[in-house]
There are 2 protein chains.
Amino acid sequence: MTEREYLILIGKNITKIRKQRGITSKELGYQCDMEKSNLIPIEKGRINTTIGTLIKIAKALDVDIADFLKR
Amino acid sequence: MTEREYLILIGKNITKIRKQRGITSKELGYQCDMEKSNLIPIEKGRINTTIGTLIKIAKALDVDIADFLKR
DNA sequence: TCCAAAGGTATGATATATCATACCCGTTAT
DNA sequence: ATAACGGGTATGATATATCATACCTTTGGA
């Protein structure tokens with residue numbers, strides 16, 4: 001599994017969980033204190049984001065980071 | 001669990017697995033194609049590193065990224 | 001018809017991760 | 001005694017993640 005594939009997997013999992021929560025990217029960005037201009041590319045797997053950012057997203061979605069790695 | 005605590009946990013897990021493999025930080029850095037001036041602070045939890053870097057380390061240690069998150 | 005909401009992209013500025021290198025300190029072997 | 005090794009830090013340069021903002025497109029409702 002390449003780095004790009006990993007990032008895409010993580011992004012898809014974030015999107016999936018966010019939609020399960022019924023919230024928009026804007027709202028998630030607000031809850032994570034981050035811009036959608038950063039959040040959306042993360043969900044698309046275009047940005048090699050940091051652990052700290054994943055932690056913020058995981059907290060906002062009330063899941064564990066490990067959930068973002070599941071296939 | 002705070003971000004700092006997460007980073008420290010990840011760093012400790014990396015160090016632990018690296019020592020189980022019996023390799024030095026310099027060797028791991030070489031296998032990951034990264035400098036020890038970056039690797040050691042990551043093992044210490046001082047740097048908010050990226051997913052891409054964790055992937056490189058995980059590959060070099062032949063483990064899954066999720067193993068770095070275990071307590 | 002139109003307007004607001006949602007997803008998405010573009011761009012310049014700022015913050016920070018990483019590189020490259022040099023150096024310090026303990027320990028261990030010679 | 002000292003040289004080599006392992007861990008660790010310091011620093012300036014470079015790459016890139018994130019911010020802040022503006023803009024586009026599509027879709028759904030008034």
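All heavy atoms count here, side chains included; hydrogens, waters and symmetry mates do not. Here is how names work: the chains are called A, B, and so on, in the same order as the sequence lines, proteins then strands, and each is numbered from 1.
- DNA chain D is contacted by both B:Lys26 and A:Met34; B:Lys26 maps to the nucleotide lying nearer its 5′ end (nearest heavy atom per residue).
- Rounded to whole Å, atom P of C:dG8 lies 13 Å from atom CD1 of A:Ile42.
- Taking every nucleotide of DNA chain D with any atom under 4.0 Å from a non-hydrogen atom of chain A, the first and last of them, 5' to 3', are D:dA17 to D:dT21.
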Derivation and outcome, side-chain contact (heavy atoms from CB on, under 4.5 Å), residues B:Ile57 and B:Leu39: CA-CA 9 Å; B:Ile57 297 174; B:Leu39 179 57; 3.9 Å; yes
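- Residue B:Ile40 contributes atom CD1, which lies 13 Å from atom C1' of C:dC24 at whole-angstrom precision.
- Put simply, the residue from A:Lys16, A:Arg18, A:Lys12 that forms a salt bridge (Lys or Arg N to Asp or Glu O under 4.0 Å) with A:Glu43 is A:Arg18.
- Among the heavy atoms of the strands lying under 4.0 Å from A:Ser37 is at least one base atom, whether or not backbone atoms are also near.
- Within the 4.5 Å cutoff, no side-chain heavy atoms of B:Phe68 are placed close to those of A:Ile51.
- Within a 6.0 Å radius of NZ in A:Lys56, other residues, nucleotides and ligands contribute more than 12 heavy atoms.
- In this structure, A:Leu28 places its CG atom 15 Å from C1' of C:dG8, rounding to the nearest Å.
- Distance alone, capped at 3.5 Å, places no donor-acceptor pair between the A:Asn13 side chain and the A:Ile10 backbone.
- In this structure, A:Arg18 reaches the C:dG7 phosphate: one of its side-chain N or O atoms is under 4.0 Å from OP1 or OP2.
- Judged by closest nucleotide on DNA chain C, A:Lys19 is the one of B:Thr50 and A:Lys19 placed further toward the 5' end.
- The NZ-C1' distance, from A:Lys36 to C:dA6, rounds to 7 Å in whole Å.
- Heavy atoms of other residues, nucleotides or ligands lying less than 6.0 angstrom from NZ of A:Lys59 number more than 12.
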